[in-house]
Amino acid sequence: MYPVLKTDLKKIKENVSIIAKRCGEKNIDIMCVTKVFCADPKVAQAVLDGGATMLADSRVKNLMKLKDLNAKKVLIRIPMLSEVEEVVKYADLSFNSELKTIKAIDAEAKKAGKVHDILLMVDLGDLREGVLPKDVDATVEEILKLDNINLYGLGVNLTCYGGIIPSTTNLGELVEIATAIEKKFNIKLQMVSGGNSSSYYLVENGQIPTGITNLRPGEAYVLGRETAYGHPIEGLHSDCFTLEGQIVELKEKDSLPKGEIGMDAFGNVPSFEDKGKMLRAIVAVGQQDARPGDLVPRDEKTDILGASSDHLIVDITHSDKEYQVGDILSFSVDYGSLLMLATSEYVTKVSE
Ligand SMILES: *Cc1c(COP(=O)(O)O)cnc(C)c1O
């Protein structure tokens with residue numbers, strides 16, 4: 001039953017393998033982030049087939065779905081105190097920034113007879129998660145006192161909140177902090193994780209600082225795009241995911257609504273351009289499934305006019321194809337809509 005979110009597993013695998021290879025040439029390994037497709041295990045397996053050795057997600061519930069896959073599982077959102085038990089059970093490594101939580105994980109790991117790996121996040125200016133550089137030393141000192149916690153490394157996240165672009169300067173600072181920590185405490189860090197898909201362009205232009213040992217691509221392999229500047233990555237597929245919806249009505253109608261215009265279904269007052277009569281298809285997909293502005297019709301001669309909760313209206317006047325009721329329209333999806341579609345129980349998932 002439609003709508004269907006289709007995943008091309010071969011393209012996912014190829015995207016991952018290219019990124020893994022280009023990062024590998026710079027001595028960088030990758031953990032692939034699975035949150036945008038809700039960690040569907042089949043897609044995650046394709047990621048592993050492409051050469052990733054670690055799977056990362058922001059939600060423990062997603063890591064649970066991956067428990068049978070042969071890879072190191074990483075929790076990349078700072079854990080909630082309410083999920084510490086699950087973190088120890090389902091994550092092999094978790095990202096942290098709060099001593100209170102790290103101590104709770106230590107206690108839980110002790111109960112489970114485990115030593116839990118953590119990555120300490122450092123905030124280098126994006127103002128999302130992480131301890132400030134001035135607090136790293138004192139935090140590390142406390143972490144090293146805990147018997148059931150292993151400080152696996154340091155990491156940074158950029159761009160997602162503050163829009164800060166990764167550079168040789170801020171990533172260089174992370175490497176400097178890591179080196180200073182190793183020296184001061186006489187320890188060896190196994191990972192210095194230099195960010196998400198927005199750091200990838202530094203791999204391609206050769207400017208990624210030596211000492212960054214890991215990146216965490218999500219969007220880069222999912223949509224084939226780096227996210228510092230939004231450029232497509234050469235050689236990668238941008239169409240791994242496709243939304244398919246079915247036409248439920250197809251009629252020639254005016255382009256201008258008739259009568260006094262008030263608010264639409266979402267409280268906005270719409271405006272319209274008079275393009276005369278047009279052939280309009282209603283596809284059974286709506287704002288509940290995806291944001292219409294995030295969808296791009298694969299038939300380039302069609303145009304999305306708008307959507308209410310459950311109806312997507314498409315101008316098919318100029319298409320070369322003679323569509324009929326029951327036909328399927330396909331769309332490329334952007335990040336936000338992919339997340340919504342993957343999360344929705346109304347959308348059938350097919351991967352092949
Ligand atoms: C979501 C996320 C990523 C992946 O981000 P992309 O922009 O999809 O590459 C990496 N690291 C952290 C901490 C994240 O939250």
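Start at 1 and go down the list; that is how both ligands and their atoms are numbered. Since this is a predicted model, take the numbers as computed values, not measurements.
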Find all atoms of ligand 1 within a distance of less than 4.0 Å from any non-hydrogen atom belonging to [X], and give their numbers and elements.
X	result
V33	3 (C), 4 (C), 10 (C)
I76	2 (C), 11 (N), 12 (C), 13 (C), 14 (C), 15 (O)
N157	11 (N), 12 (C), 13 (C)
K35	1 (C), 2 (C), 3 (C), 14 (C), 15 (O)

- [ ] Considering non-hydrogen atoms only, spot the tightest contact between I149 and I105 and give its length.
- [x]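 Distance-wise, the nearest heavy atoms are CD1-CG2, 3.8 Å.
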Task: N70 atom CG, neighbour heavy-atom count above 12 within 6.0 Å - done: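 Not more than 12 within 6.0 Å, no.
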Task: Atom CG of N205: over 12 foreign heavy atoms under 6.0 Å - done: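 More than 12 heavy atoms, drawn from other residues, nucleotides or ligands, come within 6.0 Å of this atom.
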Open item on the list: Check this for me - ligand 1, M121, N or O atoms closer than 3.5 angstrom, yes or no?
Closed with: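 It does not: no N or O of M121 is found under 3.5 Å from an N or O of ligand 1.
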- [ ] Using distance alone, decide if ligand 1 has a nitrogen or oxygen within less than 3.5 Å of any nitrogen or oxygen in E129.
- [x]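 It does not: no N or O of E129 is found under 3.5 Å from an N or O of ligand 1.
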TODO: Show your working on side-chain hydrogen bond (donor to acceptor under 3.5 Å, both in side chains) between N157 and N196 and close with a plain yes or no.
DONE: CA-CA 7 Å; N157 198 65; N196 55 55; 3.0 Å; yes
Open item on the list: Heavy-atom pairs closer than 4.0 Å: do any link ligand 1 to the side chain of S197, the backbone, both, or neither?
Closed with: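 Both backbone and side chain.
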- [ ] Select one of side chain, backbone, both or neither to describe which atoms of R128 lie under 4.0 Å from any atom of ligand 1, heavy atoms only.
- [x]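 Within the 4.0 Å criterion, R128 contacts ligand 1 through side-chain atoms alone.
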TODO: With the side chain counted from C-beta on, respond yes when V350 and T7 share a heavy-atom pair under 4.5 Å apart, and no when they do not.
DONE: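 With C-beta onward as the side chain, the pair stays apart.
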- [ ] May I have the step-by-step check of salt bridge (Lys or Arg N to Asp or Glu O under 4.0 Å) for E25 and R22, ending in yes or no?
- [x] CA-CA 5 Å; E25 286 162 3; R22 291 179 189 164; over 6 Å; no
Top protein contact for [atom], by heavy-atom distance:
atom	value
atom 11 (N) of ligand 1	R216 NE, 2.9 Å
atom 8 (O) of ligand 1	E219 N, 2.8 Å
atom 5 (O) of ligand 1	N196 CB, 3.3 Å

Task: Partners meeting side-chain contact (heavy atoms from CB on, under 4.5 Å) with F272 (sequence neighbours left out) - done: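 Here the qualifying residues are L256, P257, I261, P270.
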Open item on the list: When you measure from the heavy atoms of P217 to every atom of ligand 1, does any distance fall below 4.0 Å?
Closed with: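 Yes; P217 lies near enough to ligand 1 that a heavy-atom distance drops under 4.0 Å.
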Task: With sequence neighbours excluded, residues passing ring-ring contact (aromatic ring centres under 6.0 Å, His included) with F266 - done: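 None.
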